[in-house]
*Asks:* 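Submitted below is the structure of interest, expressed as structure tokens.
In each ligand, atom 1 is the first atom listed, and ligand 1 is the first ligand listed.
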Amino acid sequence: MCIDRITFIVAMEAEARPLIRKLSLVEDEFFGVGLPMRGWTGEYEGISLCLVTNGKDRATTHDLIGTEAATLSTQLALERYRPQMVINAGTAGGFMQKGARIGDVYLSHREVVYHDHRVDIPGWEAHSEGHYPVWDTGQLQSLHLKYGVVSTGSSLDMPEGDEKRIHRLGGELKEMEAAAVAWVSSLHAVPFFCVKAVTDLVDSGKPTHEEFLQNLKLATDHLSEACLEIIQFFAQNPNIRLK
Ligand code: SAH
């Protein structure tokens, strides 16, 4: 099936800027009126492109990272743009021991999980971990990106318990929005996947926030290049399987 409407959900402005520039997207002033979320739209070879960011916190002016804002962004984006595919593009921590390097770009593989939702009641554990399926990114193999299970939590640090759960769940990328975007997309039955660039290596022993800031530019440049390749792939492959 031919894809002609794609929406990117991006948490931070710094993550979105290179892509907005590369695609010459224009701000949609009617997106999320009165709310911090922002939308941009444009077009690439017949594909209508939208990009939504979580926006800024009014009190602190910081980007609204995390699942709460991502949930709202995704719902607003789905209502307004009616995409056929939702892509959560952003940065993430990777694991040296699993072969990640700074600047690597990953496509989500198999499912997206939560590593810090703990409900220790029989039958509730799997539910709280999310386990949201992702669209079959194997169809994008020719782009030569890496593949990994994305694991979402509400914190930048990684206490031992979270690390254990990430390993048990097979997580290869640690970030703060994907499972929320996956959940809302699943409610609307819209196919979803992630593209994540590695800003930090969570098992390197270095402070994550320092690595994150040092590598943000490199990672977001790689991220925007990968997003462009993905869009070009969709434009050139009309027979892609959406489900
Ligand atoms: N706003 C802060 C840092 C934000 S880092 C600053 O600029 O200093 C958190 C953001 O990057 C989240 O949106 C998350 O999805 C992603 N991220 C990158 N590396 C991460 C990691 N190791 N753990 C969790 N989230 C990470």
*Asks:* Could you name the option among Glu177, Glu15, Met158, Glu211 that has the heavy atom nearest to atom 15 (O) of ligand 1?
*Replies:*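 The option holding the nearest heavy atom is Glu177.
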
*Asks:* Got the closest protein heavy atom to atom 22 (N) of ligand 1, with its distance?
*Replies:*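 The closest heavy atom on the protein side is Asp200 OD2, 2.7 Å.
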
*Asks:* Grouping I, L, V, M, F, W and Y whenever their side-chain heavy atoms are under 4.5 Å apart, do Leu169 and Tyr147 come out in a common cluster?
*Replies:*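 Per the 4.5 Å side-chain linkage, Leu169 and Tyr147 are not co-clustered.
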
*Asks:* Any chance the side chains of Glu79 and Gln75 put a donor and an acceptor closer than 3.5 Å?
*Replies:*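 A donor-acceptor contact under 3.5 Å links the two side chains.
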
*Asks:* How does Ala14 reach ligand 1, by side chain, by backbone, by both or by neither, if only non-hydrogen atoms under 4.0 Å count?
*Replies:*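 Neither part.
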
*Asks:* Check if Gly90 has a non-hydrogen atom at a distance under 4.0 Å from any atom of ligand 1.
*Replies:*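 It does not, in that no heavy atom of Gly90 comes within the 4.0 Å cut-off of ligand 1.
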
*Asks:* Just to confirm my output: which protein heavy-atom neighbour is closest to atom 2 (C) of ligand 1, and how far is it?
*Replies:*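 The answer is Phe212 CE2, 4.4 Å.
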
*Asks:* With a 4.5 Å heavy-atom cut-off, do Leu143 and Phe233 have their side chains touching?
*Replies:*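 Leu143 reaches Phe233 side chain to side chain.
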
*Asks:* Could you list the atoms of ligand 1 found under 4.0 angstrom from a heavy atom of Thr208?
*Replies:*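 Here the atoms of ligand 1 in question are 22 (N).
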
*Asks:* Look at atom 1 (N) of ligand 1 and say which protein heavy atom is nearest, naming residue and atom and giving the distance to 0.1 Å.
*Replies:*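 Checked against all protein heavy atoms, atom 1 (N) of ligand 1 sits closest to Met12 CE, 4.2 Å.
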
*Asks:* Does a salt bridge link Arg168 with Glu129, judged by any charged N lying under 4.0 Å from a carboxylate O?
*Replies:*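 Looking at Glu129 together with Arg168, the answer is yes, because their closest N to O distance falls below 4.0 Å.
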
*Asks:* Before accepting this row, confirm whether a basic side-chain N of the pair Lys164/Glu160 lies closer than 4.0 Å to the acidic partner's carboxylate O.
*Replies:*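 Answer for the salt bridge query: yes.
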
*Asks:* Mind checking whether Val202 has an N or O less than 3.5 Å away from an N or O of ligand 1?
*Replies:*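 There is no such contact.
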
*Asks:* Please write down residue, atom name and distance for the protein heavy atom closest to atom 24 (C) of ligand 1.
*Replies:*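 Minimum-distance protein heavy atom for atom 24 (C) of ligand 1 reads Lys174 NZ, 3.4 Å.
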
*Asks:* Please could you name the atoms of ligand 1 that Ser155 approaches to less than 4.0 Å, counting only its heavy atoms?
*Replies:*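 Contacts of ligand 1 toward Ser155, numbered from 1: 24 (C).
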
*Asks:* Does a salt bridge link Asp116 with Arg165, judged by any charged N lying under 4.0 Å from a carboxylate O?
*Replies:*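 So Asp116 does not pair with Arg165 through a salt bridge.
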
*Asks:* Among protein heavy atoms, which sits nearest to atom 8 (O) of ligand 1, and what does the distance come to when rounded to 0.1 Å?
*Replies:*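 Residue, atom and distance for the closest contact: Leu213 CD2, 3.7 Å.
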
*Asks:* Given Ile65, Thr199, Leu216, Asn215, which has its nearest heavy atom closest to atom 18 (C) of ligand 1?
*Replies:*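 The nearest heavy atom belongs to Thr199.
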
*Asks:* Pair His167, Phe95 - check ring pair (Phe, Tyr, Trp, His ring centres under 6.0 Å), show working.
*Replies:* CA-CA 10 Å; His167 291 315; Phe95 289 85; 5.2 Å; yes

*Asks:* State yes or no: do Met176 and Val86 share one hydrophobic cluster built from I, L, V, M, F, W and Y residues joined by side-chain heavy-atom distances below 4.5 Å, directly or via other members?
*Replies:*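 Looking at the clustering, Val86 is in a separate group from Met176.
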
*Asks:* When you check the gap from the basic side-chain N to the acidic O, do Asp200 and Lys174 get nearer than 4.0 Å?
*Replies:*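 Salt bridge absent between Asp200 and Lys174.
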
*Asks:* Polar-atom distance check: Gly93 versus ligand 1, any N or O pair below 3.5 Å?
*Replies:*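 Yes, Gly93 has an N/O under 3.5 Å of an N/O on ligand 1.
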
*Asks:* Would Thr91 count as a polar contact of ligand 1, with the cut-off being nitrogen or oxygen pairs under 3.5 Å?
*Replies:*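 Yes, since at least one N or O of Thr91 sits under 3.5 Å from an N or O of ligand 1.
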
